Peer 1: 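Below: one structure in structure tokens.
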Amino acid sequence: MIQNIELRWLYDLIVLEKYRNFTVAADIRNISQSSLSRRIQTLENSLGFEVFDRDTSPLKLTEKGKLFLLHVRSLLDDFEYNIDKIKGTNDIRSRVTIASAHSLAGYIFPKILGNLKNYQEKIFYVESINVNETVDHLRNGKCDFIASFYDDELMNTQFLCHKLFSAKLYLVTAPNHLGCPKFSLEDGSLPLMNYTDDSYMGKKVNKFLQEHQSHSFSTTFVSSMSILLKDMIKGGYG
């Protein structure tokens with residue numbers, strides 16, 4: 001049985017994880033750096049595993065630390081919510097933090113939140129970021145939920161997932177003045193409007209092109225913004 005874990009140590013952990021620096025975190029917690037270091041060390045001893053990898057700069061969470069932080073955030077949020085409820089505080093609403101891919105946020109959240117019966121009892125904080133960052137946010141305990149495209153890193157027992165819908169990639173081009181496709185697969189060289197290599201969609205597109213040996217495509221424009229790529233295609237550039 002785990003014993004003698006103080007609540008203040010958990011708040012220390014949250015602050016230290018945010019700033020990844022003992023000096024800064026100690027100043028915010030209004031204690032000395034040595035005191036903060038001892039508290040975190042005592043917490044880790046009580047847990048039986050290291051939460052932070054101290055050999056890195058800035059500090060990094062260990063894999064067990066990432067999972068523990070998820071539970072700490074949830075525990076503290078629930079604790080504060082229930083204390084306010086017991087005190088009879090008016091207009092108490094629990095906080096739900098969600099990280100979402102840019103291209104999904106506007107599409108799914110009006111539908112999801114509109115179907116929740118207790119929507120008004122919570123405050124939803126939705127941060128719209130790229131797909132890779134959403135996965136990192138969840139793995140590092142920075143959010144409660146994410147809305148993301150499929151990712152192998154999340155397909156393990158640490159996380160629960162719910163499939164919302166399936167999506168397909170389509171090759172599109174603008175019409176010419178006759179209403180026919182401006183570019184055809186029969187053309188010798190096709191100007192490709194592509195996503196950046198490090199983006200989720202860019203990796204998917206490039207993998208598809210490699211597997212199908214699509215040498216007829218010549219990348220002429222690259223962006224991580226779907227709406228910009230769409231406008232370029234509608235403009236007849238690729």
Side-chain angles (χ1 to χ4, degrees), residues 96-120 122-140 142-156 158-238:
V96 180
T97 306
I98 306 172
S100 173
H102 292 283
S103 53
L104 295 177
Y107 177 75
I108 65 172
F109 285 109
K111 295 180 175 63
I112 293 177
L113 301 186
N115 290 325
L116 292 180
K117 295 179 180 179
N118 58 347
Y119 169 70
Q120 299 299 331
K122 296 177 172 59
I123 301 176
F124 293 88
Y125 291 80
V126 179
E127 183 179 5
S128 184
I129 52 183
N130 68 49
V131 178
N132 296 331
E133 286 181 315
T134 61
V135 175
D136 289 339
H137 267 51
L138 186 61
R139 292 181 72 248
N140 293 325
K142 294 183 178 180
C143 61
D144 300 306
F145 301 96
I146 66 170
S148 176
F149 293 103
Y150 179 89
D151 193 292
D152 289 329
E153 288 190 38
L154 302 179
M155 299 300 109
N156 59 64
Q158 290 184 19
F159 306 106
L160 297 176
C161 65
H162 177 71
K163 182 178 179 180
L164 297 174
F165 59 86
S166 295
K168 291 184 178 180
L169 286 173
Y170 289 93
L171 186 65
V172 296
T173 182
N176 60 22
H177 65 286
L178 298 175
C180 298
K182 181 171 182 178
F183 299 100
S184 169
L185 290 175
E186 297 176 355
D187 297 341
S189 178
L190 296 170
L192 180 64
M193 311 280 103
N194 202 357
Y195 295 88
T196 53
D197 291 341
D198 59 346
S199 69
Y200 179 87
M201 296 304 292
K203 292 175 182 176
K204 291 294 182 182
V205 171
N206 291 335
K207 181 180 178 181
F208 177 86
L209 294 177
Q210 291 173 2
E211 290 177 350
H212 293 78
Q213 299 181 342
S214 302
H215 302 301
S216 57
F217 292 97
S218 175
T219 301
T220 58
F221 190 85
V222 176
S223 177
S224 61
M225 297 183 289
S226 298
I227 191 168
L228 175 56
L229 293 172
K230 181 181 74 173
D231 289 340
M232 291 295 291
I233 292 169
K234 289 172 65 177
Y237 293 98

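Being a predicted model, the structure only gives us computed values, none of them experimental. All residue numbers in this chain count up from 1 along the given sequence.
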Peer 1: So which heavy atom on T173 is nearest to which on P181, and how close?
Peer 2: CG2-CB, 3.8 Å

Peer 1: Which side-chain N or O atoms in residues 229-238 pair as donor and acceptor under 3.5 Å with protein atoms at least two apart or in another chain?
Peer 2:
none

Peer 1: Under 6.0 Å from the CG atom of L160, do we count more than 12 heavy atoms belonging to anything else shown?
Peer 2: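 At most 12 heavy atoms, drawn from other residues, nucleotides or ligands, come within 6.0 Å of this atom.
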
Peer 1: Should L192 and L209 be marked as a side chain to side chain contact (heavy atoms under 4.5 Å, CB included) after you check the CA-CA gap, both sets of side-chain angles, and the distance that decides it?
Peer 2: CA-CA 11 Å; L192 180 64; L209 294 177; 3.7 Å; yes

Peer 1: With a 4.5 Å cut-off on side-chain heavy atoms, are N206 and N194 touching?
Peer 2: yes

Peer 1: Can you name the residues that form a side-chain hydrogen bond (donor to acceptor under 3.5 Å, both in side chains) with S184, not counting sequence neighbours?
Peer 2: none

Peer 1: Could you work out, with ring pair (Phe, Tyr, Trp, His ring centres under 6.0 Å) as the rule, every residue matching F165, not counting sequence neighbours?
Peer 2: Y107

Peer 1: Minimum heavy-atom separation for V135 to S148, with atom names?
Peer 2: CG2-OG, 4.3 Å

Peer 1: Please report the closest heavy-atom contact between S189 and P191, naming both atoms and the distance.
Peer 2: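 Minimum heavy-atom separation between S189 and P191: O-CD, 3.9 Å.
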
Peer 1: For a side chain to side chain contact (heavy atoms under 4.5 Å, CB included) check, start with the C-alpha distance between E127 and I98, then their side-chain angles and the critical distance, and finish with the verdict.
Peer 2: CA-CA 6 Å; E127 183 179 5; I98 306 172; over 6 Å; no

Peer 1: Give a yes or no on this: more than 12 heavy atoms of other residues, nucleotides or ligands lie within 6.0 Å of atom CZ of F145.
Peer 2: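 No, not enclosed.
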
Peer 1: Who pairs with S128 by side-chain hydrogen bond (donor to acceptor under 3.5 Å, both in side chains), at least two apart in sequence or on another chain?
Peer 2: H102

Peer 1: Under the side chain to side chain contact (heavy atoms under 4.5 Å, CB included) rule, what do C143 and Y125 come out as? Steps first, then yes or no, please.
Peer 2: CA-CA 9 Å; C143 61; Y125 291 80; over 6 Å; no

Peer 1: What's the shortest heavy-atom distance between A147 and I108, and which atoms?
Peer 2: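 Answer, listing the atom of A147 first, then I108: CB-CD1, 3.4 Å.
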
Peer 1: Assess whether side chain to side chain contact (heavy atoms under 4.5 Å, CB included) is satisfied between L171 and F217, documenting all intermediate values.
Peer 2: CA-CA 11 Å; L171 186 65; F217 292 97; 3.8 Å; yes

Peer 1: Would you give the length of the straight line joining atom CZ of F208 to atom CG of L169, rounded to the nearest 0.5 angstrom?
Peer 2: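 The distance works out to 8.5 Å.
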
Peer 1: How close do S223 and L228 get, heavy atom to heavy atom, and via which atoms?
Peer 2: OG-CD2, 3.5 Å

Peer 1: Any idea which heavy atoms bring D198 and K203 closest together, and the distance?
Peer 2: O-CE, 3.7 Å

Peer 1: Of all residues at least two apart in sequence or in a different chain, which pass the ring pair (Phe, Tyr, Trp, His ring centres under 6.0 Å) check with F149?
Peer 2: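 For F149, the residues satisfying ring pair (Phe, Tyr, Trp, His ring centres under 6.0 Å) (neighbours in sequence not counted) are Y200.
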
Peer 1: Ignoring hydrogens and geometry, is there a side-chain-to-backbone donor-acceptor pair from D144 to T97 under 3.5 Å?
Peer 2: yes

Peer 1: Return each pair, listed once, that meets side-chain hydrogen bond (donor to acceptor under 3.5 Å, both in side chains) where at least one residue sits in residues 161-170; pairs must be two or more places apart or across chains.
Peer 2: K163-S166

